[in-house]
Structure formats: C-alpha cells, structure tokens
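Presented below is the structure to which this report refers.
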2 protein chains.
Amino acid sequence: MKIERQSKILELIKQNDIETQSELLEKLNAEGFSATQATVSRDIKELRLVKIPGSNGAYKYACETVSEDESQSNSYLFSTAVTNIDYAHALVVIKTKVGMAQAVCAALDSTNRAGVIGTIAGDDTIFVATRSDSASAGLVSDLKKLISDKSISFS
Amino acid sequence: MKIERQSKILELIKQNDIETQSELLEKLNAEGFSATQATVSRDIKELRLVKIPGSNGAYKYACETVSEDESQSNSYLFSTAVTNIDYAHALVVIKTKVGMAQAVCAALDSTNRAGVIGTIAGDDTIFVATRSDSASAGLVSDLKKLISDKSISFS
DNA sequence: CATAGTTTTGAATCATTATACTATAGATTT
DNA sequence: AAATCTATAGTATAATGATTCAAAACTATG
C-alpha cells in the first residue's frame, strides 16, 4: 500500500501544483487512497520532497532534483551517450553507446540521487538498483526529461 | 537591513545545518540582526530556500538548487559501498558491497589521483596499482578519511 | 518640509506539518 | 501455534511556519 501511495504522490505532485499536505491528501482520497495527513507527512519525508516557494508567490511540493550546473553538463553527456532507458520494478536499465556506460554511470552517481541504492556499469549497460517501483519511475522520467529538455528543474 | 540580513541567512544556512526558522533566528540574533520569525519566514520565501528532509532523518534549510562538490558525492558513494581498504606495497585493495566495485572504481578514476597508475574492478573488489608504497599509504589514508567524513549534505 | 505612496516589520493568530504514542497486521522465530 | 518482532498507519498534539493587520520606516515629489 505504501509503495503504491508514494508512487501516486509522485505522480500527483508532478501533474498538479499542490500547496499543502491536506490538498495532496484530498487528491489521494479522490484516487481511492485512504490515509491521513500524518502519513502524507511521513511519505513526503521518505520521498525527500520539498515545499518550494514558487515564483507566483505560492508554495508547492516538488521533487528534489540535481543542481542546474550539474544537470547541464550531465545533460550533454546523457543525451550524447544514452540510447535507451527502461525499468522493471526496482531496477532501471540504461543502455549507452559502447564504452560510455562507465562515464554515464559516474555522472549518475555524482547526482547522489535519493532512492538509488546502487549502480553497476558494464561496457554499454547500466543497472540502477532503486528503493522502489516509484523511485524507478521517477528516475526514468527525470532522465528522459533531462535528455530531451537538456534542463531539469523543480516541477 | 533586509539585504544584509538575507545575505547573512544564506551564509548561515551554508555553514550550519539549520532545522527550523527559530534556530535560524537565534543565529541571526547572535550575529547582531534583530528580527522575528515572521520576517525570517518571509526572507526564506523570497530567497526561495527549501526545507529538505535530510538523509539523517532530520530536516534542514538549503538553497533550492544545490551543487554538491565532487568529493562530497564521492564520499557518499564510498561510504555506502566500501567495506574494507588495505594495501601492500604498490597495490591497494578495496573491497565493496557486491556489485558496487565498478561504480566505486569509476568514481575513483574520476579523481585522476596522482600516484595511481591504473585500476581494475571486479564485482566487489578493486585493485589499484600505485607508483609506490607511500602513494598507496596516502591513498588509503585519504579514502578512509573520505569515508569517515560521511556527512553528505546539501550545502 | 509635508504629504502620499511604498516597503518593511512585529505581534498575534491561524494554518500547516512533524512526531510521540498506540494499535494492528504480517512476518519470523521458538 | 504462541510468542516476538517489524513495519505501517491513525490519533492527538506539539512544533513549526505563513499570513493578517497595523504601525513604523523609508522614498519620492510638489
């Protein structure tokens, strides 16, 4: 239950501007998840989400992400070297051009991303062990965005 | 006044782990700035600081876009993955958790450390060829320091 | 300098979030 | 199976943070 709920939370905060935990709770309820504010608070802590002061003067919850500088240089590396990204449960698989996996993996490691337990790189493949399905989904989503946008930010 | 105070706030949250606005307020007072929690709250909003759930279970204030320097992120990787370090003459042997050796080795390579001739990683073991006994000793010492100084934090 | 407008601030309060405590369900051991 | 442990989640409350409102401190302009 916890995993599904946290996964849904990630989905919700990506799709909506959510200002408070109560608001998030409402949306969770609307999706059929029953929980309390206390639980949401704990989920937020585990997911390492942050409440950021938005530009419009309001607050919203967002995923913690990599810094801008890093993401720019990493973006270049990723978009030139990565050929495919997929995942199954708590394992993300990144395919790269031959010989590039080590470099990409080091870059990925340097982001010290929450939810990532460990990585191992071969020659053209990286396995990323994550803490959960939702962590995998989040990572894949962010990486794809990084590659396509060449920029990543709080969303 | 506002500018100086906000500047000091940035300085304070970079140098300290500050968990609450009250705590920040105390430090501000100690620096000769008189303000109230309300003002601090507003400053935080303007500066777009975030309260992030830290890895140690505590919260802390941090800049929205955080750049962790290389040594910090490597420190994290090393401290989570490395289980033992030893050396004999010009060979350092690093034992890691299963599957982590490649990642650790890539991180180690990325430091381009002087005195290191080459590295090779298996599944849970890394061999580091160095130029001399003393190069080995230095590397081991530095790695151990990096690991013990495992405070991984946004700064 | 006087006045109007703007910005900043504090006090009090309201709103939000974190956590201590407890209960329960599932797993593990004896 | 009974006993013990572990993880999860709810309740109630404490802790923390945001905001309203009014006053003070600035700024600009005639």
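Per chain, numbering begins at 1; letters A, B, ... match sequence-line order. For the numbers below, each heavy atom of this structure counts, side chains included, while hydrogens, waters and symmetry mates do not.
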Can a donor-acceptor pair be found, under 3.5 Å and without considering hydrogens, that links the side chain of E31(B) to the backbone of K27(B)? no

Think [X] has a side-chain N or O under 4.0 angstrom from the OP1 or OP2 of [N]?
{"X": "Y61(B)", "N": "dT16(D)", "value": "no"}
{"X": "Q21(A)", "N": "dA18(C)", "value": "yes"}
{"X": "S41(A)", "N": "dT17(C)", "value": "no"}

Side-chain atoms of K45(B) come closest, of dT19(D), dT16(C), dT19(C), to dT19(D)

Measuring from the side chain of A38(B) (C-beta onward, heavy atoms only), which nucleotide among dA18(C), dT17(C), dA12(C) has the closest atom?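 Of the candidates, dA12(C) comes closest.
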
How many whole angstroms separate atom [atom1] of [X] from atom [atom2] of [N]?
{"X": "L47(B)", "N": "dA18(D)", "atom1": "CG", "atom2": "P", "result": "12 Å"}
{"X": "I52(A)", "N": "dA18(D)", "atom1": "CD1", "atom2": "P", "result": "13 Å"}
{"X": "K51(A)", "N": "dA18(D)", "atom1": "NZ", "atom2": "C1'", "result": "8 Å"}
{"X": "Q37(B)", "N": "dC14(C)", "atom1": "CD", "atom2": "P", "result": "15 Å"}
{"X": "I18(B)", "N": "dA15(D)", "atom1": "CD1", "atom2": "P", "result": "20 Å"}
{"X": "L24(A)", "N": "dT16(C)", "atom1": "CG", "atom2": "C1'", "result": "13 Å"}
{"X": "E26(A)", "N": "dT16(C)", "atom1": "CD", "atom2": "C1'", "result": "14 Å"}
{"X": "I44(B)", "N": "dT16(D)", "atom1": "CD1", "atom2": "P", "result": "13 Å"}

Identify all pairs in which a protein N or O lies below 3.5 Å from an N or O of nucleotides 5-9 of chain D, and state each distance.
residue : atom : partner : partner atom : Å
dT8(D)  : OP2  : K2(A)   : NZ           : 3.1
dA9(D)  : OP1  : R5(A)   : NH1          : 2.9
dA9(D)  : OP2  : R5(A)   : NH2          : 2.8

At under 4.0 Å between heavy atoms, what does T20(A) touch on the DNA or RNA strands: base, sugar-phosphate, or nothing?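 It contacts sugar-phosphate atoms only.
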
Under a 4.0 Å threshold between the charged nitrogen and the carboxylate oxygen, would E46(A) count as salt-bridged to K2(A)?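 A salt bridge links K2(A) with E46(A).
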
I'd like to know if E11(A) pairs up with K8(A) as an ion pair, taking the criterion as any Lys NZ or Arg NE/NH1/NH2 lying under 4.0 Å from an Asp or Glu carboxylate oxygen.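 Between K8(A) and E11(A) there is a salt bridge, with a charged N closer than 4.0 Å to a carboxylate O.
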
So which atom in A62(B) and which in I52(B) form the shortest heavy-atom distance, rounded to 0.1 Å?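 For A62(B) versus I52(B), the nearest heavy atoms are CB-CD1, 4.2 Å.
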
Quick check on side-chain contact (heavy atoms from CB on, under 4.5 Å): which of T39(A), V50(A), L24(A) does I44(A) satisfy it with?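 Answer to the side-chain contact (heavy atoms from CB on, under 4.5 Å) test with I44(A) among T39(A), V50(A), L24(A): L24(A).
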
Find out if a path of hydrophobic residues (ILVMFWY) with successive side-chain heavy-atom gaps under 4.5 Å connects F33(B) to I18(B).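 Shared cluster, yes.
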
Side chains of Q21(A) and Y61(A): closer than 4.5 Å at any heavy-atom pair? yes

